[in-house]
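Contents: one structure, followed by commentary.
All heavy atoms count here, side chains included; hydrogens, waters and symmetry mates do not. Each chain gets a letter, A, B and so on, in the order its sequence line appears, and its residues count up from 1.
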Amino acid sequence: MQHALDTFISNQFHVDAATWAWTQVIYAIAIGLAAFALVNFGAILAGIFSWAERRIAARMQSRIGPNRVGPGGFLQWFADAVKLMLKEDLIPTQSDSILYRMAPYFVMVGFSCTFVVLPFSHAIAATTMDLGLFYIIAITALIVVGVLLSGWASNSKWSLFGAMRAAAQIVSYEIPGGMALMVPLLISGTLSMQEMIRMQGGIQPEAGGNFLTAGGWPWNWNIFHDPAAFVCFFIYFTAALAEGNRAPFDLAEAESEIVAGYNTEYSGFRFSVFFLVEWGNVWVMSAIACTAFLGGWQVPGISLAALDNATGLSSIGLELLSLSFFVVKTLSLCFVVIWLRWTLPRIRVDSMMSLCWKYLVPAAFASIIFETVWVLAFARSPSFQLFFGVIMSIAAGAVPLWLFAKRTFDNIRDTGDRVDLTNW
Amino acid sequence: MQTATAHAPAHELTAPEPHTPQKNGLRDYVDNIRGTTKSFWHGMSVTLSYMFRKPITAQYPDRMPVGRLADTLPARYRGFLEVDRDICTVCKACERACPIDCISIGEIKDPKTRKLVGMDRFDIDIGKCMFCGLCVEPCPTGAIQHTREFESASASFTNLTFRFVPEGTVSPVYKVPKGSTAFMRAELGSITRAIVKNWDAPPPPFPAKDTKKPTHAATTKPSGAAGALGRELAVRALEAKAKSDIPKLQKTFEDAMAGTDCGDCGYADCFGYSDALAKGLDFDPGKCAPGGAESKGNLEVMLVALKTGKAPEAPVEAVEAAPTPVEAAPTADGADALQKELVAKTVAAKDNPDALKAVFEEAMAGTDCGDCGYADCDGYSTGIAKSGDNDPSKCAPGGSETTANLRAMLVSLGRKPTT
Ligand code: SF4
Ligand code: SF4
Ligand code: SF4
């Protein structure tokens, strides 16, 4: 982005960006605009998710969901946002009011800072930070601080229970989550999000590849790289669910046990911040999973060189193509997150802990060792890797998906029902 | 778990706990993973399959695939009540059965024979009704029934009272033909639907107190017999007028109103109405429904005083105290006369059981409702005349009057009434 700004300055003001006095001001304005756009992207996205989740949840429960505000009820989230902001902002008299007011901002900052490194397409990303993955894991820890603060400052036992549960859960699941991300890191050898996606491009034409080997084909994705990566995808996904307090790990907000957990006492805008973050987190975790395991914005059959060197109209076209590939993959993962919530009951605290420490952590460590050996053994043989990737994507991707779809439609048929997408 | 084990008999203490996770070590560990994967596989496919099915939600009220929802409800749905007064015997069994008194029936009796001749009121406060159906069960003819109507949002509170006998009319008593078991009824729902149709019409005024027996002094003789309050208000009104103090005049008028700001008068609130009266824009004293006859009387007194310029005379005490039941005296006399007549007839028919039975039946309400425990009035009177039933209190529709008559008749026969 700095390069683009420098070019902009020299073209518009005919000065040398490196020495011009106003360069920093232009930078600041650009940064402000980008930050504004990203924060709003997060907020609007979370709003839209709240609508999508309600519609999807409704269908899964044979209901319809909100369908009155705007076409298909799409503007429901907007109406809700207006309602939430107009509500009275209550601060309990017995609370620690400064911390109480601060907590939502910690959560909000922890969430929106992830957009600094989250990629969207081949060229659209706020930065290409070298330590991207590490940065995300670090910055999201701020959310725990916010949650703990809110629970403590509310001076309510339900809030405190919720916060404690959230802290225990998030801290525990950081371990398998972080470990699972080590595997794509070992495969691609970089912590940068953009680089990680670039490494999932398969055998490029320059290296003797062709249409079927280059670009975002499933056999180039990290998830189908080898069995350990496949397992780690699920470990990461589970851990991310738990870190985001999403069902079935929503113990911190278990309304049947502790009212609403850490945000029990919040109302109005402050409350909506917590909610916004919860839904926004779904995008963030899906985007990370998509980046690390599902080939990110790679377009099947399009080599990196083609993307890098495109100019004019074709560059815009390719950019949009890669953007849509990324968005579609991420949204599918978001759908899975929502789908999981309406499938699984909330698990017990002790089961949650035993799942983490007895199953996910050992599995994640075993995967890392397996992966290290694998990389040492096969990294020099791209053609073997390609061959194995094809086998994996058929055996672990296509076949299970097909069986699952068949099972789903059998479920419909066996109950004497039929596929019917009317009554929206 | 802890307490349970503590109190358990000794031999059970050694029993292994159910669901011990580590029983088989590695095998269980692998089993758990397999079980989790399998249940995910199954559970997720079930929820996903619902994604592709038609939601069962019926989008009431505006996107219904069928016509009216009420018509699709089960036949025995307990919706609004409906009374077909063409087959109502005015037995009031429903009124007595209602646990929350939301039915009120105004029966009319022949002043001489004290027989039921009709009803001038059959109101069900559907706003209070809890749809328990207890009123439907005792009805001898099926006149009162639940319909399937249920949409009870009404612009006016008073419209929530269903008046099955229109104001000012009298519905005759239905005489059950002997031995009949089925009764022709208007199509279920048609009567109630007609009432509900009028729900959005302007509401009827609040029922004023004592409208049935207009004995209130103020309403009958306003200027001559004003209540103390009316007189005081009139004096204040005259004073205000003398000073042309319209705001004060308005205040005085407002004092005579109920002060609920309900808007029933057609103005926005009490201020609107009183202001109009004070400025001479309105001359109708009868618009304040919540204030009832009293408010109407006082306003009338004030308006008359303003018109004539004279304060009303001191109240005539007797009139104020006169809500003595206009009907009461003749009623008592009539009742006495009736009782005497019945007793005389009883004594005359003493030796003829059939004639005696007929006399007893004459004393009963005659609704054939069966509330007495017999099939109908015929049964009860036969029981008294021929089978030695000495309980005069069984005819609920006849009330205490019938009981008294029957008791007197029994006494005249030398028998001992049980109550
Ligand atoms: S349904 Fe029940 S509550 Fe309603 S009027 Fe009948 S007896 Fe009374
Ligand atoms: S016949 Fe008796 S029970 Fe039936 S509606 Fe009339 S008064 Fe009520
Ligand atoms: S005598 Fe019996 S059947 Fe006749 S009105 Fe009285 S209670 Fe009903």
Side-chain angles (χ1 to χ4, degrees), chain A residues 52 55-68 73 231 234-235 237-238 247-248 335-345 347-348 350-351 354-355 358-360 362-363 400-424, chain B residues 1-6 15-74 77 150-151 153:
Chain A
R55 291 307 303 264
I56 292 170
R59 289 295 296 205
M60 286 179 176
Q61 298 174 333
S62 291
R63 297 183 289 115
I64 294 175
N67 66 345
R68 297 285 166 136
V231 170
F234 293 98
I235 297 177
F237 203 74
T238 315
F335 171 75
V336 174
V337 173
I338 293 171
W339 175 15
L340 269 171
R341 171 163 177 192
W342 301 101
T343 304
L344 299 176
I347 68 174
R348 266 192 343 252
D350 63 323
S351 327
S354 88
L355 172 66
K358 288 189 192 156
Y359 295 88
L360 298 188
L401 273 185
W402 186 75
L403 287 176
F404 188 81
K406 189 167 158 344
R407 172 78 193 245
T408 303
F409 289 104
D410 283 353
N411 281 342
I412 299 177
R413 205 200 47 216
D414 292 350
T415 48
D417 217 334
R418 63 194 172 80
V419 174
D420 186 341
L421 293 176
T422 57
N423 200 6
W424 279 95
Chain B
M1 202 69 227
Q2 296 260 304
T3 40
T5 359
E17 290 231 86
H19 313 302
T20 315
Q22 259 82 38
K23 216 171 63 190
N24 286 324
L26 190 63
R27 216 177 70 230
D28 268 12
Y29 190 83
V30 177
D31 271 359
N32 279 345
I33 296 174
R34 226 192 31 231
T36 310
T37 320
K38 258 170 80 177
S39 64
F40 264 64
W41 185 263
H42 182 71
M44 302 278 287
S45 74
V46 168
T47 38
L48 190 67
S49 74
Y50 275 91
M51 269 292 283
F52 300 120
R53 297 185 211 181
K54 193 178 170 137
I56 57 172
T57 309
Q59 299 195 63
Y60 172 81
D62 60 335
R63 294 187 195 165
M64 295 294 291
V66 288
R68 273 160 35 86
L69 182 61
D71 296 336
T72 67
L73 294 171
Y77 182 82
F150 64 91
E151 289 157 316

Straight-line distance of B/Thr36 OG1 to A/Tyr359 OH, nearest 0.5 Å: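 One gets 7.0 Å once the value is rounded to the nearest 0.5 Å.
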Any idea how A/Phe409 and B/Phe52 line up, ring-wise: parallel (<30°), tilted (30 to 60°), or perpendicular (>60°)?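 Parallel: the ring planes of A/Phe409 and B/Phe52 meet at under 30°.
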Would you call the rings of A/Phe404 and B/Trp41 parallel, tilted or perpendicular, taking 30° and 60° as the class edges? perpendicular
Please classify the contact of [X] with chain B as side chain, backbone, both or neither, using a heavy-atom distance under 4.5 Å.
| X | result |
| --- | --- |
| A/Pro248 | neither |
| A/Phe234 | neither |
| A/Ser354 | neither |

Let's test your reading of the structure: which of A/Leu355, A/Asp410, A/Leu340, A/Ile56 forms the most heavy-atom pairs below 4.5 Å with chain B? A/Leu340
With a cut-off of 6.0 Å (strictly less than), are more than 12 heavy atoms of other residues, nucleotides or ligands near OH of B/Tyr50?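 Open: at most 12 neighbouring heavy atoms sit under 6.0 Å from OH of B/Tyr50.
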